[in-house]
Amino acid sequence: MPSFSIPFTLIIFFLVFASFHAFSSKTIPSREAEALLKWKASLPRSTQTLLSSLWDGSNHCNWTGITCNNAGSVTKMILGEYELKLRGTLNNLNFFSFPNLIWLQLRNNSLYGSIPSQIGNLSNLNFLDLSCNNFSGNIPLEIGLLKSLSTLSLRYNSISGSIPREILNLTKLHHLDLAHNNIFGSIPSDIGRLSSLSLLFLNQNHLTGTIPISIGDLQNLSQFVLVDNRLNGSIPKEIGMIRFLGLLDLSNNYLTGPIPSEIGNLSNINYLYLWCNNLSGSIPSEIGMLKSLFELQLSNNSLTGGIPDSIGNLTNLENLVLHFNGLSGPIPPSMGNLNKLSILKVFENSLSGLVPQTLNNLTHLQILQVSYNHLNGSLPDNVCLGGLLTHIAANNNNLTGLIPSSLRNCTSLYRVRLEGNHLTGNISEAFGIYPNLNFISLSNNNIFGELSPNWGQCHNLTSLQISNNNISGRIPFELGHATQLQELHLSLNHLNGEIPKELGKLTMMNRLFLSGNQFSGKIPSEIGFLSQIEQLDLASNNFSGPIPDDLGNCFKLFNLNLSNNN
């Protein structure tokens, strides 16, 4: 019989054809199920157990976190937010097997390793969220192949490297969030190509360089956040072209130069954060054009000049934060128009002049901080008219006049600092009972009167400081009921009588200063109950008798002054 010789190349062709036919004969749903099970098998045992409980049954379209279309092909994969987190890598997840996947959400897990370059095979992907994991390495260049992508979130990972230029190919992208990673390098100069962007979060990375001028081309941008990077240079005036911008956060960088007046064009902006930079010059009067603004934070810069009167136009403003600058001149009376304001911080500047009485109009005020300036005149009498004030700090100015009368019934108070002024008033009439009060300092003023027993009903008070005033009378024994008290500063007044033994109940006390008064009698032995006391100053009084042996129980005491007594 004749024999035939089959060419080797023909054998190879038949083998490849048979293999391809076997692969193509599998339906897309079966390939997807196989790919999911193969990925599961590559993960740590605890994650396999978790997925086995979620992926029950033979039909993968019924598995938890998997959504299919009518043909049984996977369109959504949402795995996360479980009490037990998925662990492992994506290395063995065959992305090529999911041609119809449009939504991939694996946020809030413990996935690690690099993002595989094969992710570029998900050509129909619209939504990709890998945030809140432990991914590392670079953003793969193949991410630029996902031309249908509208949302890309990689925040809260350990991704490094630079922002790949390929990401600029994603022209349908609306949300780009790369925050809280270790990304370095500069922002691509032509980032304006992503003209559909509405949200851009690049905060808390290691980005350097300048903010590109092309940022002005992102006309649909509503939120732009670059906080906590190492960006330098000035804020480009082109930023004023982004008319829909609602949130602009460039804080905690190394930006220099003035705030461009074009910022007044951001008519839709709600939040403007430029704090912690090296910005200089004055606050532009155009800031008053931002009528939709809720929060304005310009603190920790080198801004000079006055606070523009136009700031009174921002009638929707809730938070105004300008502290740690070199601002001068008066607080504009127009601030009284900000009737929604709850936080006003202008401390550590060089402001002068009177505190405007128009601040009485701010009935939503919760925090007022004007400390360390050169302000004079009196504080607004109705500063707590709305009954919401928790923090007031006007210390270290040149203020005169009475303690504001509205503070007496201001039970919302938590922290009060009025020291270092020339304020006056009867302390027993000016202050009441404060269930939430934690700290109050009135030292170095001209306050008179006697200490009220009401201080003993301030059960959360940890620090009471009234040194260097004209307080007279005795320490009320009821003060021993303020059991959270850790600091009591009453030095340099005209207090007399004996120290009440009830002060021995203040077992959390660590600093007690009573020097420079007219106290008499014996030092009470109950002072030995103050087991936490570190500093005790009873100097320059009229104490007599022996030093109590019980002081030996105060093992933490390192500073004791009993000089100039009897």
Side-chain angles (χ1 to χ4, degrees), residues 80 90 103-117 119-120 122 125-212 214-215 217-218 220-232 239 242 245-255 271 273:
L90 299 181
W103 194 289
L104 178 58
Q105 181 175 320
L106 301 176
R107 74 184 308 267
N108 200 25
N109 282 295
S110 296
L111 299 169
Y112 52 86
S114 59
I115 300 171
S117 59
I119 203 165
L122 300 175
L125 199 65
N126 179 263
F127 184 96
L128 176 59
D129 186 354
L130 304 180
S131 60
C132 303
N133 280 283
N134 299 311
F135 289 113
S136 57
N138 296 349
I139 299 171
L141 306 183
E142 290 78 6
I143 207 91
L145 299 174
L146 307 179
K147 299 294 181 64
S148 298
L149 207 59
S150 67
T151 295
L152 173 59
S153 180
L154 304 178
R155 67 161 43 211
Y156 284 110
N157 280 286
S158 299
I159 294 168
S160 56
S162 59
I163 300 173
R165 288 195 52 76
E166 286 74 8
I167 219 164
L168 302 178
N169 296 330
L170 308 180
T171 54
K172 294 182 179 179
L173 208 58
H174 287 98
H175 298 177
L176 176 58
D177 189 349
L178 307 179
H180 296 273
N181 279 287
N182 299 314
I183 297 170
F184 53 82
S186 59
I187 300 171
S189 60
D190 47 350
I191 196 166
R193 286 168 50 187
L194 300 178
S195 56
S196 298
L197 269 186
S198 61
L199 302 179
L200 177 56
F201 295 107
L202 302 177
N203 47 298
Q204 289 178 289
N205 281 287
H206 306 295
L207 295 171
T208 54
T210 60
I211 300 172
S214 70
I215 205 76
D217 295 331
L218 303 180
N220 296 308
L221 205 60
S222 65
Q223 297 187 31
F224 181 30
V225 183
L226 289 174
V227 59
D228 284 333
N229 279 288
R230 299 170 185 172
L231 297 166
N232 54 45
I239 211 160
I242 313 173
L245 197 60
L247 167 63
L248 175 61
D249 190 347
L250 307 180
S251 54
N252 214 16
N253 280 286
Y254 299 98
L255 299 172
Y271 303 94
Y273 301 137

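Taken to the nearest 0.5 Å, the CG atom of Leu106 stands 8.0 Å off from the CG atom of Leu128. For the atom pair Tyr156 OH and Ser131 OG, the distance stands at 10.0 Å (nearest 0.5 Å). In this structure, OG in Ser117 is found 12.0 Å from CG in Asn138, a value given to the nearest 0.5 Å. Rounded to the nearest 0.5 Å, atoms CG (Leu255) and CD1 (Ile211) are 5.0 Å apart. With rounding to the nearest 0.5 angstrom, the CG atom of Leu152 is 8.0 Å from the CG atom of Leu146. Expressed to the nearest 0.5 Å, how far CG of Leu197 lies from CG of Asp217 amounts to 11.5 Å.
Residues Asp228 and Asn203 are not in side-chain contact: their nearest non-hydrogen atoms beyond the backbone lie 4.5 Å or more apart. Within the 4.5 Å cutoff, the side chain of Leu200 has heavy atoms near those of the Ile191 side chain. Counting only heavy atoms from C-beta outward, the side chains of Leu170 and Leu176 never approach each other to under 4.5 Å. Considering only heavy atoms from C-beta on, Ile183 comes within 4.5 Å of Ile139 through its side chain. Under the 4.5 Å side-chain criterion, counting only non-hydrogen atoms from C-beta, Ile215 is in contact with Phe224. At a threshold of 4.5 Å between non-hydrogen side-chain atoms, the residues Ile187 and Leu226 count as touching. Looking only at side-chain heavy atoms (C-beta outward), His206 and Asn182 come within less than 4.5 Å of each other. Counting only heavy atoms from C-beta outward, the side chains of Phe135 and Leu130 approach each other to under 4.5 Å.
The shortest heavy-atom contact between Leu231 and Asn253 is N-OD1, 3.1 Å. Shown here for Trp103 and Leu125, the closest heavy-atom pair between the two residues is N-CD1, 3.7 Å. Closest approach of Ile163 to Leu207, counting heavy atoms only: CD1-CD2, 4.3 Å. Taking all atoms of both residues into account, the shortest heavy-atom contact from Asn229 to Leu202 is ND2-O, 3.0 Å. Closest of all the heavy-atom pairs between Asn157 and Asn133 is OD1-C, 2.9 Å. For the pair Pro212 and Ser189, the tightest heavy-atom approach, listed with the atom from each and the gap, is CB-O, 3.6 Å.
The backbone N or O of Lys172 lies less than 3.5 Å from no partner atom in the side chain of Ser196, so there is not a single donor-acceptor pair. Between the side chain of Ser150 and the backbone N or O of Asn126, at least one donor-acceptor pair lies under 3.5 Å. When atom types are taken as modelled, the side chain of Ser251 and the backbone of Val227 share no donor-acceptor pair closer than 3.5 angstrom.
The only member of Asp129, Asp177, Asn181 that meets side chain to side chain donor-acceptor pair (under 3.5 Å) when paired with Arg155 is Asp177.
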Evaluation steps, side chain to side chain contact (heavy atoms under 4.5 Å, CB included), between Leu247 and Tyr273: CA-CA 8 Å; Leu247 167 63; Tyr273 301 137; 3.7 Å; yes
Kindly indicate, with the supporting measurements, whether the criterion side chain to side chain contact (heavy atoms under 4.5 Å, CB included) is fulfilled by Arg193 and Thr171. CA-CA 7 Å; Arg193 286 168 50 187; Thr171 54; 5.7 Å; no
Where do Thr208 and Asn232 land on the side chain to side chain contact (heavy atoms under 4.5 Å, CB included) test, with the steps shown first? CA-CA 7 Å; Thr208 54; Asn232 54 45; 5.5 Å; no
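The existence of a salt bridge linking Arg165 and Asp190 is confirmed by a sub-4.0 Å separation between a basic side-chain nitrogen and an acidic carboxylate oxygen.
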